[in-house]
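Here the structure comes first, spelled out in structure tokens, and everything after it is commentary.
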Amino acid sequence: PPVVSLKKINIRYGNHHAVRDVSLDIARGEVVAMVGPSGAGKSTLLRAINMLETPSSGTLHVGDFTFSLDHRLSQKELLALRRSTGMVFQQFNLFPHMTVEKNISLPQMRVLGRSRAEADKVTARLLERVHLADKAKAYPARLSGGQQQRIAIARALALDPKVMLFDEPTSALDPELGLDVLEVMRELAADGMTMIVVTHEIAFAAEVADRVIVMADGEIIEQGPPDQVIRNP
Ligand code: ADP
Ligand code: ADP
């Protein structure tokens with residue numbers, strides 16, 4: 001079964017129909033790059049997958065859960081959904097008053113009920129994975145944007161998501177800092193993580209994605225393997 005399945009998702013902002021009847025299945029381990037012009041509805045669709053946006057209709061399946069979006073989700077359903085999806089934003093959204101280590105371990109204790117010892121162990125492993133083991137005791141403001149974004153990735157991974165959602169993860173970064181983030185994402189993809197990445201990084205999409213989805217005016221207008229979808233500029 002697909003890890004993520006969207007069926008006839010519609011999202012409206014007042015009169016504006018931002019996502020139109022989008023259906024989409026994503027397989028375990030699949031890496032999907034979502035591209036298309038500004039305003040196409042990419043970010044809105046991504047945010048609907050963990051209910052940061054509320055669709056007006058449709059069905060959403062993530063991991064073991066199916067959510068009908070035509071009615072309000074219960075608090076329990078919402079928690080299950082948020083737990084199954086790891087979101088990484090353009091702005092890193094770390095807690096500024098907490099060390100890097102605390103940023104990653106606290107959600108594990110709060111959301112998964114892990115003990116401090118367990119959470120610290122997972123945190124140490126994740127910091128290795130994003131190549132920032134030496135920054136455990138630092139505060140976010142002391143880190144570069146690229147380092148902060150890698151911490152945000154580690155924090156999302158700490159909840160063992162079924163799928164990682166990336167919303168323009170390198171757009172706020174200088175190109176050379178973005179490279180470190182893309183490298184970590186490349187490694188995640190190679191490890192078999194299921195990923196949906198909204199991005200302008202066409203080279204990354206071409207190289208790492210299994211499938212490229214092109215959105216325009218709220219619809220998927222084209223999709224397929226990168227070599228079929230991405231025309232060399
Ligand atoms: P903008 O800055 O408004 O996004 P661009 O011209 O840079 O305008 O890109 C428009 C969209 O088209 C981008 O979101 C990008 O993902 C996509 N895109 C750019 N180049 C290609 C390409 N060679 N093949 C497919 N899609 C592309
Ligand atoms: P993309 O990620 O492809 O650039 P978005 O999903 O951000 O596109 O936006 C899709 C459309 O929905 C755009 O026309 C945008 O102006 C509109 N939109 C996005 N967020 C809101 C909002 N909070 N309120 C009203 N309109 C919005």
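Basis for what follows: all heavy atoms, side chains included, without hydrogens, waters or symmetry-related copies. In listed order, ligands and their atoms are each counted from 1.
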> Which atom names give the shortest non-hydrogen contact between Ser5 and Asp25, and what distance separates them?
Replying inline: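 Shortest heavy-atom separation between Ser5 and Asp25 comes out as OG-OD1, 2.6 Å.
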> Tracing side-chain links under 4.5 Å among I, L, V, M, F, W and Y, which residues wind up in one group with Leu79?
Replying inline: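 For Leu79, no cluster forms, as it stays isolated from other hydrophobic side chains.
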> So, does Gln149 use its side chain to make a donor-acceptor pair with the main chain of Phe89 at under 3.5 Å?
Replying inline: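 Indeed, once roles are kept as given, a pair shorter than 3.5 Å links the two residues.
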Could you list the donor-acceptor pairs under 3.5 angstrom formed by side chains in residues 152-162, with sequence neighbours left out?
{"from": "Arg155", "atom 1": "NH1", "to": "Asn93", "atom 2": "O", "distance (Å)": "3.2"}
{"from": "Arg155", "atom 1": "NH2", "to": "Asn93", "atom 2": "O", "distance (Å)": "2.9"}
{"from": "Asp160", "atom 1": "OD2", "to": "Arg114", "atom 2": "NH2", "distance (Å)": "2.6"}

>> For a quick check: using heavy atoms under 4.0 Å, what are the residues in contact with ligand 2, sorted by chain and number?
In response: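 Within 4.0 Å of ligand 2, protein side: Tyr13, His16, Ala18, Pro37, Ser38, Gly39, Ala40, Gly41, Lys42, Ser43, Thr44.
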Would you mind writing out the side-chain donor-acceptor pairs for residues 175-186 within the sub-3.5 Å range, not counting sequence neighbours?
{"from": "Glu183", "atom 1": "OE1", "to": "Arg186", "atom 2": "NH1", "distance (Å)": "3.0"}
{"from": "Arg186", "atom 1": "NE", "to": "Glu207", "atom 2": "OE2", "distance (Å)": "3.1"}

> Side chains of Thr123 and Gln108: does their closest heavy-atom pair fall under 4.5 Å?
Replying inline: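 Heavy-atom side-chain distance check passes, below 4.5 Å.
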